[in-house]
Amino acid sequence: MSERIEDIAKKMVAPGKGILAADESSGTITKRFEKLGITSTADSRRDYREMMFRAPAMKEHISGVILYDETIRQNAADGTPLVKVIQDAGAVPGIKVDTGAKDLAGFPGEKITEGLDGLRERFAEYYKLGARFAKWRAVIDVGNGLPTWGALKANAHALARYARLAQEAGIVPIVEPEVIMDGPNSTHDIDRCYEVTAWALDTVFDELFEQRVNLEGIVLKPNMVIAGQKSPKQASAQEVAEKTVKVLKASVPGAVPGIAFLSGGQSDEQATEHLNLIRQLGPLPWEVTFSYGRALQAAAMETWKGKKESLGAGQKAFAHRAKMNGLAALGKWTSKAEKEAA
Ligand code: 13P
């Protein structure tokens, strides 16, 4: 019998574990590789991801892995499907299904996430390939007069349509409305981020309700409430944690099993510290954990640098961040633990 989406969602946010977002499109990962002088080919992308999926730290700290279309079809160097490598590590394989954020016609400076056409058929195929959860990211930039209601509503509607199709296919949707901290504007302070995040979450949950999405079978992937990267007024870590919890409590129904934050351009250690402080503000109505891309992978990629002889060191770097974030998801991270293991 197929597993219930409510149970898959719970597994994705199991205490002390979080999600590895390894779903960079080939274009995005190529840019990251090139910065480090790594040649980007289907094989090198595979080798890099296989390095992480085979790290012993997966079993302890990673509940799920978000894959990109190329990766979900790839085999490890020894011929084992990467999906099986992930399952054998006790994690749930997931898939990014949006096809990216494009300029929204009529709304200068705003984006709409595409990918709804043909999505029912794509979900059927991804299910067969082993995916049991999916991801769709809406991008909400903050600026003078931005976001607009029209763009926010269109993005929330698309998220809800995606989420309902995922559930129909037996797949848990990760619902990701990201108020970005590193957009072209990004001079906003934390209170403006709070205001926009509240508006975005309320709009998204309205749409989820209208599209008959089962809230017990989703995982929310929000931004933390944080000042824009270019803001002259940066907030303390404690303020980030408090305002993040405040907005989530006000806007996220208790029926949602779990919240898995994105890192969004925070430094590795910042993303860990913020999650830890958030967790310490408990008890919270939902499980709270990480679904980090850059903040889980940056050190591993830099250590590996595309060299076979650095695979072990790259795995170690990945294991360290996975462990630190696993501790943070329990509210048990300390800067001492960070330094000891480094
Ligand atoms: P970051 O943690 O690098 O923001 O990536 C997470 C993600 O999946 C964004 O969609």
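Computed from a prediction, not measured in an experiment: that's the story for all the values here. Indexing begins at 1, ligand by ligand and atom by atom, following the structure's order.
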Part of [X] within contact of ligand 1 (heavy atoms, under 4.0 Å):
{"X": "Ser263", "result": "both"}
{"X": "Arg137", "result": "side chain"}
{"X": "Ser291", "result": "backbone"}

Distance-only donor-acceptor check, side chains [X] and [Y], under 3.5 Å:
{"X": "Ser310", "Y": "Lys305", "answer": "no"}
{"X": "Ser40", "Y": "Arg45", "answer": "yes"}
{"X": "Gln211", "Y": "Glu207", "answer": "no"}
{"X": "Thr148", "Y": "Glu110", "answer": "yes"}

What protein heavy atom sits nearest [atom], and how far off is it?
{"atom": "atom 10 (O) of ligand 1", "answer": "Lys135 NZ, 2.4 Å"}
{"atom": "atom 9 (C) of ligand 1", "answer": "Glu176 OE2, 3.3 Å"}
{"atom": "atom 5 (O) of ligand 1", "answer": "Gly293 N, 3.6 Å"}

When only distance counts, is [X] in polar contact with ligand 1, meaning an N/O pair under 3.5 Å?
{"X": "Tyr292", "result": "no"}
{"X": "Gly264", "result": "yes"}
{"X": "Glu178", "result": "no"}

- Give a yes or no on this: more than 12 heavy atoms of other residues, nucleotides or ligands lie within 6.0 Å of atom CZ of Arg164.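 Atom CZ in Arg164 is packed in, count exceeds 12.
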- Item | Lys221: numbered ligand 1 atoms lying under 4.0 Å from its heavy atoms |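 Near Lys221, the atoms of ligand 1 are 6 (C), 7 (C), 8 (O).
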- Looking at Phe107 versus Trp149, is the centre-to-centre ring distance below 6.0 Å?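 Distance test on ring centres: not under 6.0 Å, no.
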- CA sep, side-chain torsions, deciding dist, call: Thr80, Asp78, side-chain hydrogen bond (donor to acceptor under 3.5 Å, both in side chains): CA-CA 6 Å; Thr80 314; Asp78 69 1; 2.7 Å; yes
